[in-house]
Q: 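Here it is, the structure in full.
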Number of protein chains: 2
Amino acid sequence: MDKQLDVLQGTLDMLILKAVSLGPLHGYGILFRIQQISRDRLEIQQGSLYPALYRLEHQGWIASEWGESENNRKAKYYRLAAAGKRRLQSETEKWNRMAEVIAGILHTTPEEV
Amino acid sequence: MDKQLDVLQGTLDMLILKAVSLGPLHGYGILFRIQQISRDRLEIQQGSLYPALYRLEHQGWIASEWGESENNRKAKYYRLAAAGKRRLQSETEKWNRMAEVIAGILHTTPEEV
DNA sequence: TACGACACCTAGCGTGTCGACATATAGCGC
DNA sequence: GCGCTATATGTCGACACGCTAGGTGTCGTA
């Protein structure tokens with residue numbers, strides 16, 4: 001049981017979009033899905049999640065619908081909207097570029113300066 | 001001339017430590033060095049740099065000394081302290097773990113859920 | 001009927017980056 | 001000598017965002 005990392009600032013929206021892109025899900029379930037697809041190395045807090053969901057829906061990237069959960073409780077199901085799909089893609093590309101840039105910097109040796 | 005990325009929140013300290021680790025440098029020069037080792041894809045703002053330098057020195061990760069720049073102006077030169085070297089290493093490892101986790105998430109397919 | 005797991009939400013805080021501004025000086029063209 | 005640009009160091013307020021810590025209600029089970 002290794003320690004979990006905090007979410008890197010600026011990546012939460014992308015992670016949520018990705019989680020929802022794998023299939024519609026209610027908010028509470030998103031917490032577990034992110035934990036799952038990160039293999040227990042990331043844990044989202046509820047106090048981070050719900051404002052983010054509001055943000056994403058407000059932007060038109062996800063859409064919600066009240067429904068019933070597997071446990072017979074009312075739950076708000078989110079699905080990825082078309083704009084959200086595009087957004088996820090552009091954020092992913094941006095992330096890849098950023099990760100590449102930082103990796104490059106971290107591998108720079110004094111001789112290269 | 002492609003567009004430059006904003007600094008990812010939480011990575012500036014690491015980037016500065018890395019820049020200084022490549023050889024002592026004054027603040028103004030750090031801006032250019034980071035631009036250089038990122039191959040012009042990252043640009044640090046002065047309003048971000050100087051508070052960060054204060055932060056890093058306050059933590060004992062870098063040390064400063066007033067000197068004279070190549071252009072005969074007074075400039076504060078920073079060098080990496082021993083604690084900063086350790087810090088840079090641990091931040092680098094943390095970044096690598098995080099990048100790996102996020103890459104894994106982004107590559108998850110619906111079948112794997 | 002008490003309790004824990006499920007499911008939603010909000011308020012306030014801390015951190016960190018940015019944009020805009022302020023200050024000072026060396027070197028250069030005129 | 002005068003103004004301009006590049007060099008160099010900062011400060012300040014605004015703002016985004018994730019976290020901690022709470023609060024509400026309901027279902028299933030012991």
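Values in this document were obtained by computation on a predicted structure and should not be read as measured data. Lettering follows sequence order; numbering is per chain, from 1.
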Q: Would you say D/dA16 has OP1 or OP2 under 4.0 Å from some side-chain N or O of A/Arg55?
A: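 False: A/Arg55 side-chain N/O out of range (4.0 Å or more) of D/dA16 OP1/OP2.
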Q: Both A/Asn71 and A/Pro51 contact DNA chain C. Taking the nearest nucleotide for each, which residue is further toward the 5' end?
A: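 This one resolves to A/Asn71.
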Q: Do side-chain atoms of A/Lys18 reach the backbone of B/Leu106 as a donor and acceptor pair under 3.5 angstrom?
A: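 At least one qualifying donor-acceptor pair exists.
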Q: A/Ile44 near the nucleic acid: base, sugar-phosphate alone, or nothing, with a heavy-atom cut-off under 4.0 Å?
A: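 The answer is nothing, as A/Ile44 stays clear of every strand by at least 4.0 Å.
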Q: Once hydrogens and angles are ignored, does a donor-acceptor distance under 3.5 Å link the base of D/dC17 to the side chain of A/Gln9?
A: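 A donor-acceptor contact between them is present.
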Q: May I ask you to check whether A/Thr109 and A/Glu112 show a side-chain donor-acceptor distance below 3.5 Å?
A: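 There is such a pair (donor and acceptor under 3.5 Å, judged by atom type) between the side chains of A/Thr109 and A/Glu112.
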Q: Mind checking A/Gly29 for me? I need base, sugar-phosphate or nothing, with any heavy atom below 4.0 Å counting as a touch.
A: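 Nothing, no nucleic acid heavy atom in range.
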Q: Return no unless some side-chain N or O of B/Tyr28 is found under 4.0 Å from OP1 or OP2 of D/dT9.
A: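 For D/dT9, neither OP1 nor OP2 has a side-chain N or O of B/Tyr28 closer than 4.0 Å.
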Q: From D/dC27, C/dC8, C/dA26, pick the nucleotide closest to the side chain of A/Ala75?
A: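 For A/Ala75, the side-chain atoms sit closest to C/dC8.
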Q: Look at the side chain of A/Arg73 and decide which nucleotide, out of C/dC6, D/dA8, C/dC18, has an atom nearest to it.
A: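 Ranking C/dC6, D/dA8, C/dC18 by closest atom to the A/Arg73 side chain puts C/dC6 first.
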Q: Can you figure out which of D/dC27, C/dC9, D/dG10 approaches the side chain of B/Trp66 most closely?
A: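 Side chain of B/Trp66 sits closest to D/dG10.
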Q: Quick check on D/dT20: is either OP1 or OP2 less than 4.0 Å from any side-chain nitrogen or oxygen of A/Gln45?
A: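 A/Gln45 to D/dT20 OP1/OP2: side-chain N or O found under 4.0 Å.
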Q: With a non-hydrogen cut-off below 4.0 angstrom, is A/Gly47 in contact with a base, only sugar-phosphate, or nothing?
A: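 Base contact - A/Gly47 has a heavy atom under 4.0 Å of at least one base atom.
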Q: Expressed in angstrom and rounded to an integer, what is the separation of A/Glu70 atom CD from D/dG28 atom C1'?
A: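 About 14 Å, once rounded to whole Å.
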Q: Looking at A/Lys76, I'd like to know whether one of its side-chain N or O atoms comes within less than 4.0 Å of OP1 or OP2 on C/dC9.
A: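 The answer is yes; a side-chain N or O of A/Lys76 sits under 4.0 Å from OP1 or OP2.
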Q: My understanding is that only one of A/Phe32, A/Tyr77, A/Tyr50, A/Tyr78 makes a ring pair (Phe, Tyr, Trp, His ring centres under 6.0 Å) with A/His26; could you say which?
A: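 When A/Phe32, A/Tyr77, A/Tyr50, A/Tyr78 are each tested with A/His26, the ring pair (Phe, Tyr, Trp, His ring centres under 6.0 Å) holds only for A/Tyr77.
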Q: Kindly say if B/Ser69 contacts the phosphate of D/dT7, meaning a side-chain N or O under 4.0 Å from OP1 or OP2.
A: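 No.
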Q: In Å and rounded to the nearest 0.5 Å, what is the NZ to OG1 distance from A/Lys94 to A/Thr11?
A: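 The distance works out to 11.5 Å.
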